[in-house]
Amino acid sequence: MYVYFNPNVTHVEIERCDEIDYTKIRFYVHDEVVCMESYVMTRDWFLKLLPAIKSTYDKVTVIPVKPIDE
């Protein structure tokens, strides 16, 4: 796994759902999404990936989400 790198990225938004091990990462340049990645990963893998993202980009927001009930 790699972390997307773009020196123009102004912020990163991460949606994490622990109940279904789902992570969606959006990379923004100002208000425009320039890359979006989705992963199925355990919480352990997510906690290993998060420091790499935080050390690469200045503004990182993690948003916990719940699965959608049907």
Side-chain angles (χ1 to χ4, degrees):
M1 183 178 297
Y2 71 94
V3 175
Y4 173 78
F5 178 74
N6 178 335
N8 298 318
V9 166
T10 54
H11 66 285
V12 179
E13 183 178 272
I14 302 170
E15 290 182 3
R16 173 68 189 170
C17 182
D18 285 336
E19 289 84 355
I20 59 171
D21 288 334
Y22 182 74
T23 305
K24 182 185 289 184
I25 307 170
R26 291 184 190 93
F27 299 87
Y28 290 86
V29 173
H30 302 291
D31 291 334
E32 182 181 345
V33 176
V34 292
C35 180
M36 184 173 63
E37 300 174 350
S38 299
Y39 301 102
V40 174
M41 67 176 71
T42 64
R43 180 160 179 77
D44 289 342
W45 274 107
F46 174 68
L47 293 175
K48 290 177 185 176
L49 177 65
L50 188 56
I53 295 172
K54 286 186 172 183
S55 69
T56 305
Y57 297 105
D58 292 333
K59 186 176 178 191
V60 177
T61 304
V62 178
I63 303 166
V65 295
K66 297 288 183 191
I68 297 173
D69 292 330
E70 298 203 25

Subject >> Tyr57: ring-ring contact (aromatic ring centres under 6.0 Å, His included) partners, not counting sequence neighbours >> reply: Phe27
Subject >> Listed partners of Arg26 passing salt bridge (Lys or Arg N to Asp or Glu O under 4.0 Å), at least two apart >> reply: Glu13, Glu15
**OP:** Go through the structure and list residues passing salt bridge (Lys or Arg N to Asp or Glu O under 4.0 Å) with Glu32, not counting sequence neighbours.
**Re:** none
Could you give the side-chain donor-acceptor pairs of residues 47-56 under 3.5 Å, partners two or more places apart or in another chain?
residue: Ser55; atom: OG; partner: Pro51; partner atom: O; Å: 3.2
residue: Ser55; atom: OG; partner: Ala52; partner atom: O; Å: 3.1
residue: Thr56; atom: OG1; partner: Ala52; partner atom: O; Å: 2.7

Same cluster or not: are [X] and [Y] linked, directly or through other Ile, Leu, Val, Met, Phe, Trp or Tyr residues, by side-chain heavy atoms under 4.5 angstrom apart?
{"X": "Ile14", "Y": "Trp45", "value": "yes"}
{"X": "Val65", "Y": "Met36", "value": "no"}
{"X": "Val62", "Y": "Tyr22", "value": "no"}

Pairs of donor and acceptor atoms involving the side chains of residues 5-12, under 3.5 Å and at least two apart or interchain, shall be tabulated with distances.
residue: Asn6; atom: OD1; partner: Asn8; partner atom: N; Å: 2.8
residue: Asn6; atom: ND2; partner: Tyr4; partner atom: OH; Å: 3.2
residue: Thr10; atom: OG1; partner: Tyr28; partner atom: O; Å: 3.3
residue: Thr10; atom: OG1; partner: His30; partner atom: N; Å: 2.7

**OP:** Applying side chain to side chain donor-acceptor pair (under 3.5 Å), name anything that partners Asp18, two or more places apart in sequence or on another chain.
**Re:** Arg16, Arg43
Subject >> Glu19 CD to Lys66 NZ distance, which is reported to the nearest 0.5 Å >> reply: 4.0 Å
